[in-house]
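Notes follow once the structure below has been shown.
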Amino acid sequence: MKNTLFLPTTFLLLFAACTSDTREAPQSITYWSANNQYEIDLAKVVVAEWNQQHPDFPVQHQPIPEGQSSEEVILAAVVGKNAPDVYSNMWPGDVQLYARARVLMPLNQFADFDSVMQARNSAETLREARSLDGNTYQIAWKTNPIMMIYNSKMLRQNGFDHPPATYSEFIEQAKVITADLDGDGYTDRYMSLLDIRVTWWQRFFDFYTFYIAASGGKMLMQDGKIIFDNPSAVAVFRFLRFLFEKGYCPLEKAQGRVDAFLSERVATRFTGPWEIKHAEKFKPEGFEYDFAPVPVPDDFAGPRYTYGDIKSIVMFKTRQKSQKVWQFVKFLISQKNDYRLLELTTQLPVRKNILQDSLFQNYFVKNPALAVFAKQAEFIRGTDLSAGLKEIFDAISQEYEASVVYGAKSAEEAVKDAAQRARLILK
Amino acid sequence: MKKVIFYLSLLVWTILFIYPFLWMLSATIRPEQEIGGFNIIPSQITFESYAQVFAKIPIVRAFFNSLFVALTVTTGTLFLCSMIGYAIGRLQFLGRDIIFYLVLITMMLPLQIILIPLYILMVKLSWVNSYYSLIVPWTVSAIAIVMLRQYFQSIPRALIDAARIDGCSELRIIFHIVWPISVPALITVGIITFMTTWNEVLWPLIVIREHNLMTMPQLVTIFAVGGQAESLLGVQLAAATLLALPVIIAYTFFQKYFIESMATSGLK
Amino acid sequence: MLKQVRRTFLLIKTMKILKIITAKFAKNDRIGYALVMPYIVHFCLFIAFPFGFCFVLLFHKWDIVSEMQWVGAGNFYHIFQDKLFFKAIRNTFTFLLVHIPLQIGIALFLAEMLNQKIKFRGFFRSVYFMPVVVSGVVITILWDQLYAQDTGVINMIFVQLGLPKMPWLTSPYLAMPSIAIMATWKNVGIYVVLFLVGLQNVPKQLYEAADLEGASHWYKFSRITLPMINPTMLMVVILSTINGFNLFIEPYVMTGGGPMNSTLSAVLYIYNQGFYFYHMGYAATLGFCFAAIVFLVVFLQRKLVEQKPLD
């Protein structure tokens with residue numbers, strides 16, 4: 001009898017043991033970076049130096065374990081109470097949600113916050129980082145202004161000495177570039193490549209970028225109201241639809257395929273400065289590329305804005321060591337590490353007067369491509385502050401796919417329907 | 001002549017099932033630019049893709065995680081479900097049939113309903129990011145109980161009664177009398193449990209966030225879908241190959257058991 | 001003081017009652033309970049509790065991080081207007097429409113072949129079974145490459161055969177059938193084995209009798225083989241259906257649910273609603289309704305196929 005009861009009891013005890021297993025807070029800081037190779041490399045360098053200087057408070061680094069999107073991971077981690085102390089790839093659009101849930105540390109509570117930040121950022125950047133409740137929960141860490149990368153040799157060889165600046169120029173060049181080179185009846189060189197995945201954030205890099213450019217820097221909302229059902233958005237939809245309709249863009253997945261740009265199967269792409277690092281590592285011999293602003297409608301005049309793709313550093317309210325964590329955050333955004341960010345990942349740190357700073361200036365002289373981005377960084381837009389933004393982008397993405405990629409809807413209709421959905425979401 | 005066509009068509013189907021695997025293998029040991037095309041003989045052999053996988057993700061660790069989780073779940077299932085199956089199948093007690101019906105109902109219950117509440121429960125138990133969440137909820141499985149119960153019922157009554165007369169406790173009966181003559185059923189349940197645990201992706205994706213605790217399929221999924229592979233096909237395919245390898249090796253040695261047990265249960 | 005006495009008294013009384021109750025059960029009973037205890041604990045913790053919690057969630061709006069918000073039948077009301085959910089259900093049926101006939105056709109064909117007197121039967125069988133044991137993740141990553149439009153192996157073979165290149169994963173009409181073909185390739189081995197067992201159980205005398213009457217191949221197949229393996233057929237249909245309803249990793253890795261939501265499976269949609277948009281209450285409701293549909297479909301299939309009279 002005793003024997004019979006033994007196993008079930010152990011089973012129950014095991015349960016009890018498991019449930020009471022609360023982890024002891026170790027004397028270390030956990031830090032999650034983005035999970036691309038270059039940022040992992042950067043994090044390793046920075047963390048190694050920190051750990052050498054602060055053996056009593058080491059940092060443990062791990063790339064964010066993301067699948068299709070990092071947002072789901074952060075949420076699950078917050079709920080699971082195992083969010084990292086520091087996360088450096090936060091999309092500012094999500095900060096509001098987490099701030100409201102009181103899981104983020106208000107950084108302005110640190111005594112030296114203002115002095116540190118004023119030395120690094122402009123007043124405008126700081127204002128944009130502030131939340132609606134007056135606290136600041138994020139530090140804008142890096143920006144990747146989206147521009148057009150183009151294969152300059154390919155354009156030149158086909159008689160174009162400058163990259164297309166307007167829609168009609170783009171189409172004019174597309175007619176020549178898009179071609180069936182081996183005569184098998186299939187196009188094997190395209191003007192451009194747009195990612196056709198419907199994931200909401202993909203629209204940052206096509207529709208939203210083009211929309212910001214075409215509208216001279218408008219965003220989706222103004223004073224909390226949806227305003228993107230305007231001629232600029234329709235023009236963008238129509239233009240991109242034309243590219244797919246005429247086959248200037250392949251109707252093919254971009255993810256999980258051989259890099260089409262570096263294998264010279266497409267002439268242009270729309271991307272951020274991180275592409276430089278990738279291109280330098282993998283480009284074939286004799287490959288030439290350059291960057292230019294995203295094309296705009298023919299009658300456009302004014303400054304050329306683009307999507308800035310800013311990512312922020314946030315501190316999660318975790319254990320009783322915030323002062324130390326704050327030290328690490330300050331270390332992360334120090335001039336030296338901002339320079340490392342630029343050097344190791346070719347992404348731009350959000351720093352004021354970066355073009356005038358002598359340390360950075362030297363780098364830009366040696367790497368003119370990045371100087372182009374640094375100049376563009378003065379004309380960037382982020383995303384609106386709204387808890388429903390993800391769903392709004394999802395609605396836009398659904399319409400984008402139906403209209404631009406598959407032509408099942410007219411541009412006007414698609415924009416109108418997306419805006420209607422967006423207004424419903426905000427309600 | 002008819003015979004030749006017959007074997008030829010069998011061979012065509014064989015190629016259909018084997019060729020994709022060979023193509024994958026060849027893609028992982030050739031230079032990146034050569035991937036694509038149906039020629040599976042590489043012009044030069046390089047293990048760069050594998051080197052990159054080992055350098056980028058803790059895949060060895062993930063292998064041991066998977067192994068540990070799958071083995072623990074399998075052992076746990078065999079022990080606990082044998083006890084439960086034996087009790088339901090061979091003992092008389094009040095409410096026994098109710099429990100059996102409960103088992104049958106849970107067997108039909110789709111996981112989707114409880115996916116989210118179960119995750120919340122893991123959070124409440126602070127089992128997120130721990131092996132517990134991968135192991136404990138899955139050590140009792142309705143299918144295993146039903147299969148073992150069925151097998152145990154076929155055991156002659158006299159055998160168990162004789163043991164009882166000898167003064168064996170019920171636990172002793174289960175593990176010393178019943179088990180040795182139930183090996184086929186145990187193998188079947190063991191293989192099914194092991195395979196489903198080994199191949200599970202959705203649940204680890206939800207509950208495990210730490211690289212060091214990830215199971216192999218999860219890590220490979222994240223690697224292939226996320227940005228760390230730098231869109232290098234060879235590297236992605238190498239990760240996939242490494243994931244497939246242990247199972248294929250086990251399969252070549254124990255194919256008879258694999259086929260019998262997986263087909264009898266009809267599970268993937 | 002008085003309180004304590006009363007409490008002790010109460011304690012003794014309950015102990016007595018408990019003793020009477022336990023005495024009612026035979027020794028065998030107690031052992032039985034002890035042995036099923038793990039199941040009961042497991043059931044309460046991992047089935048009953050989540051189920052109950054799900055029931056609460058059905059009537060709430062919850063983004064996990066904030067407080068729950070009571071919305072009454074709002075979630076159910078929302079489902080009826082949710083075009084995407086119905087699209088996901090329809091997609092599942094598209095999948096099944098391709099998957100089940102293909103699965104049965106190929107499996108039956110291969111099983112028939114292996115049922116002849118042949119050499120290397122074991123070898124062929126284990127080759128056809130191989131994709132079954134390999135993780136779905138591997139198969140998906142691999143087939144994603146095979147399906148590539150310009151450089152994929154399948155399209156290259158198509159071109160060699162003089163056929164046009166197909167947009168396997170990028171056409172809203174083809175994407176789901178493509179995934180179904182892949183799933184068939186992966187799972188057909190199980191069904192080959194199942195059918196093989198079924199075929200071997202068909203009494204030889206039936207064929208011999210038919211041979212005496214000079215029956216054709218087709219006659220024998222349709223009048224003897226098919227009716228005799230009806231139970232296996234039922235199992236195959238139900239198993240494929242359940243597999244189809246659980247579709248997740250394939251679209252998650254290959255298409256993300258696109259193009260035009262044509263590969264959005266119900267599980268993927270529930271996952272997205274829950275872990276992408278933080279609509280936990282709504283995701284739970286979706287899961288609940290979806291499970292009800294699965295239950296209904298499997299139940300109907302069973303009824304339909306079982307009622308078919310055996311020849």
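Being a predicted model, the structure only gives us computed values, none of them experimental. Naming convention: chains lettered A, B, ... in sequence-line order (proteins, then strands); numbering from 1 in each chain.
Using a 4.5 Å heavy-atom threshold, the side chains of C:F43 and B:V140 count as separate. Under the 4.5 Å side-chain criterion, counting only non-hydrogen atoms from C-beta, C:V188 is in contact with B:F17. Taking 4.5 Å as the limit, every side-chain heavy atom of C:F129 sits out of range of all side-chain heavy atoms of B:Q255. In this structure the side chain of B:L10 reaches within 4.5 angstrom of the side chain of C:Y128, judged on heavy atoms. Looking only at side-chain heavy atoms (C-beta outward), C:Y271 and B:I206 come within less than 4.5 Å of each other.
Of the listed residues C:P131, C:G189, C:G122, C:G52, the one with more heavy-atom pairs under 4.5 angstrom with chain B than any other is C:P131. Chain C forms the most heavy-atom pairs under 4.5 Å with one residue out of B:Y19, B:W23, B:F258, and that residue is B:W23. Interface check for chain C: of the options B:I174, B:T14, B:L243, B:L11, the most heavy-atom pairs under 4.5 Å are formed by B:T14. By number of non-hydrogen pairs under 4.5 angstrom with chain B, the leading residue of C:V236, C:I242, C:T140, C:I106 is C:I106. Here B:L233 is the residue among B:L233, B:V123, B:I248, B:T241 with the most heavy-atom pairs under 4.5 Å with chain C. By number of non-hydrogen pairs under 4.5 angstrom with chain C, the leading residue of B:L102, B:I18, B:V247, B:L237 is B:L102. Chain B forms more heavy-atom pairs under 4.5 Å with one residue of C:L114, C:I118, C:L286, C:N155 than with any other, namely C:I118.
Taking each heavy atom of C:L146 and B:P20 in turn, the nearest pair found is CD1-CB, 3.9 Å. The minimum heavy-atom distance linking C:V133 with B:M195 is given by the pair O-CE, 3.1 Å. Closest non-hydrogen pair, B:A224 versus C:I141, comes out as CB-CD1, 3.5 Å. Minimum heavy-atom separation, B:F6 to C:M113: CZ-O, 3.3 Å. When all heavy atoms are compared, the tightest approach of B:I84 to C:L35 is CG1-O, 3.7 Å. Closest heavy-atom contact between B:P137 and C:H42: O-NE2, 2.8 Å.
The distance from atom CD1 of C:I139 to atom CE of B:M24, rounded to the nearest 0.5 Å, is 7.5 Å. Taken to the nearest 0.5 Å, the NZ atom of B:K256 stands 12.5 Å off from the OG atom of C:S126. Annotation: the span from B:Y7 atom OH to C:K119 atom NZ amounts to 6.0 Å, rounded to 0.5 Å. Here C:I190 contributes atom CD1 and B:I259 contributes atom CD1; the two are 11.0 Å apart, rounded to the nearest 0.5 Å. Atom CE of C:M37 and atom CE of B:M83 lie 10.5 Å apart (nearest 0.5 Å). Here C:I40 contributes atom CD1 and B:I99 contributes atom CD1; the two are 4.0 Å apart, rounded to the nearest 0.5 Å.
A donor-acceptor contact shorter than 3.5 Å is absent between the side chain of C:Y39 and the backbone of B:L80. When atom types are taken as modelled, the side chain of C:Y252 and the backbone of B:L202 share no donor-acceptor pair closer than 3.5 angstrom.
Under the 6.0 Å cut-off for aromatic ring centres, B:F21 and C:W185 qualify, their centroids lying closer than that.
Looking at B:M122, the atoms closer than 4.5 Å to chain C (heavy atoms on both sides) all sit in the side chain, from C-beta outward. With a 4.5 angstrom heavy-atom cutoff, C:F124 touches chain B only via side-chain atoms. For B:S9, the parts lying near chain C are the backbone and the side chain together; criterion is any non-hydrogen pair under 4.5 Å. Looking at C:F109, only its side chain comes within 4.5 Å of chain B, counting heavy atoms on both sides.
Under the 30°/60° scheme for interplanar angles, the aromatic rings of C:Y33 and B:F93 are found to stand perpendicular.
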(request) Under the side-chain contact (heavy atoms from CB on, under 4.5 Å) rule, what do B:L121 and C:F53 come out as? Steps first, then yes or no, please. (result) CA-CA 9 Å; B:L121 179 68; C:F53 196 85; over 6 Å; no
